Protein chains: 2
Amino acid sequence: MADNSALVRLLRQLTVETDRFVELFGEKQRMHRTDLNALAVIMDARWSGEPMSPSRLAEALHLSASATTSVLDRLEASGHVERARNPHDRRKVELRTSDKALELGRGFFQPLDGAFTRAWEQFSDADKEVIARFLSASIDATVSVRAGLASPARPE
Amino acid sequence: MADNSALVRLLRQLTVETDRFVELFGEKQRMHRTDLNALAVIMDARWSGEPMSPSRLAEALHLSASATTSVLDRLEASGHVERARNPHDRRKVELRTSDKALELGRGFFQPLDGAFTRAWEQFSDADKEVIARFLSASIDATVSVRAGLASPARPE
DNA sequence: TCCAATAGTTCGGCCGTCGAAAGAATAACG
DNA sequence: CGTTATTCTTTCGACGGCCGAACTATTGGA
């Protein structure tokens with residue numbers, strides 16, 4: 001008999017602890033959640049193709065355009081992000097992360113990565129394959145429930 | 001060779017998706033993150049021993065006393081929480097969740113639980129045991145890194 | 001050239017949060 | 001008992017993030 005409730009509880013606990021970690025890190029850096037999220041999105045975008053724009057950032061963060069401007073003002077003031085107008089279409093603004101932001105990201109992830117690596121030494125590659133499948137399935141489940149919640153009648 | 005980075009990415013993705021789910025649910029219910037978290041803490045407290053008090057809630061949520069009062073005002077106004085003075089020590093206030101809050105919690109978790117149950121049918125009990133160990137280890141790692149971050153010098 | 005569409009920013013207001021101080025109840029001590 | 005200290009919670013004034021609406025700048029067509 002599968003003890004699913006224990007797994008659910010563990011998942012919830014993990015997200016809570018992760019949340020707290022992010023919160024504490026933000027406090028240390030004098031940055032708010034939204035700014036950290038924005039930074040992550042901008043850095044991810046560089047990895048996958050073309051640079052980020054304020055409007056796409058707004059969509060990714062579920063934020064209004066004006067709030068996004070504020071976020072970028074803060075990030076630019078703190079030296080983590082630079083705004084540069086696109087020379088071909090001068091309406092558009094391209095967002096680039098600075099080296100300072102990269103360092104910040106490293107400071108964020110390195111300790112956690114190290115701890116994870118140590119914590120996961122006890123698992124075989126086969127185990128990890130199972131775990132990866134589990135995580136993917138859980139992510140998909142969350143996404144699909146959210147999609148159903150977002151538009152119970154009309155898929156927008 | 002273990003592909004830990006894929007696992008890290010999956011974990012991060014899971015927390016992001018969970019976050020969005022909570023966010024969307026909050027929008028639907030016209031409730032903010034903090035209020036939902038507070039409700040969860042209060043309900044958890046009932047499960048594990050004595051009732052919640054505003055000050056303990058403030059500590060759990062990392063919120064000031066005044067902000068906690070606001071949260072409780074909102075939750076009381078929306079009929080999710082009731083305040084009752086402790087008859088033995090009338091300075092203290094006991095927080096109780098209403099049936100409405102229980103329903104809300106059910107509306108929150110039931111769809112997710114169902115989706116998880118379906119998504120996890122493909123895993124054997126042995127798999128689930130491995131997964132549970134993995135989640136626990138990851139939680140512990142997160143907690144320990146956070147603890148190190150909180151007090152690099154002095155354990156408070 | 002004029003007009004609609006697109007991309008971002010600025011402005012005014014709302015509301016959640018904080019720190020400080022007040023309010024309410026209890027405990028300790030003469 | 002009464003006075004003072006302590007504990008728990010709430011109120012008050014201020015700050016700051018976020019939103020919607022109006023505004024500026026740029027582009028692409030009629």
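Computed from a predicted structure; not experimentally measured. Throughout, a chain's letter reflects where its sequence line sits, starting with A, and its residues are numbered from 1.
Remark: A:R83 engages A:D73 in a salt bridge, criterion side-chain N to carboxylate O under 4.0 Å. Between B:D19 and B:R33, at least one side-chain nitrogen of the basic residue sits less than 4.0 Å from a carboxylate oxygen of the acidic one, meeting the salt-bridge criterion.
For the pair A:R56 CZ and C:dT6 P, the computed distance is 17 Å after rounding to whole Å. Taking atom CG of A:L61 as the reference point, atom P of C:dG8 lies 14 Å away to the nearest angstrom. Distance CG (A:N86) to P (C:dA7): 11 Å, rounded to an integer number of Å. One interatomic measurement links the two molecules: CG of A:D89 to P of C:dA5, which rounds to 17 Å at whole-angstrom precision. What separates CD of B:E59 from P of D:dT7 is a distance of 15 Å, to the nearest Å. The separation between A:L95 atom CG and C:dT9 atom C1' is 14 Å, rounded to whole Å. The distance from atom CZ of B:R33 to atom C1' of D:dC18 is 14 Å, rounded to the nearest whole Å. In this entry the distance linking CZ of B:R85 with P of D:dC8 reads 12 Å, nearest Å.
Looking at the side chain of A:R91, the nearest of the listed nucleotides C:dA25, C:dT6, D:dG20 is C:dT6. The side chain of B:R74 approaches C:dT17 more closely than any other nucleotide in the set C:dG8, C:dT26, C:dT17. Side-chain proximity of B:T69 to D:dT9, C:dA20, D:dT26: nearest is D:dT9. Nearest to the side chain of A:S64, among D:dC19, D:dT6, C:dT10, sits D:dC19. Checked against C:dA7, C:dT26, C:dT17, the side chain of A:K92 finds its nearest nucleotide in C:dA7. Closest to the side chain of B:L63, from the set D:dT9, C:dC18, D:dC19, is C:dC18. Distances from the side chain of A:H32 to the nucleotides D:dG17, D:dC8, C:dC11 place D:dG17 closest. Checking C:dT10, D:dT26, D:dT7 against every side-chain atom of A:D73, the shortest atom distance belongs to C:dT10.
Along DNA chain D, the nucleotide nearest to B:A67 and the one nearest to A:V71 differ in position, and the one closer to the 5' end is contacted by B:A67.
Between the side chain of A:T68 and the base of C:dG8 there is no donor-acceptor pair of N/O atoms closer than 3.5 Å.
For the pair B:P54 and B:T69, the minimum side-chain heavy-atom distance is 4.5 Å or more.
Checked by atom type and distance alone, the side chain of A:K100 pairs as donor or acceptor with a backbone atom of A:S78 at under 3.5 Å. Without hydrogens or angle criteria, A:T15 side chain to A:R12 main chain gives a donor-acceptor distance under 3.5 Å.
Note on A:S55: a side-chain N or O is less than 4.0 Å away from OP1 or OP2 of C:dG8. Here B:T34 reaches the OP1 or OP2 of C:dT17: one of its side-chain N or O atoms lies under 4.0 Å away.
If you look at B:F21 and B:F108, their ring centroids are closer than 6.0 Å.
Note on A:S70: nothing from the nucleic acid sits closer than 4.0 angstrom, heavy atoms only.
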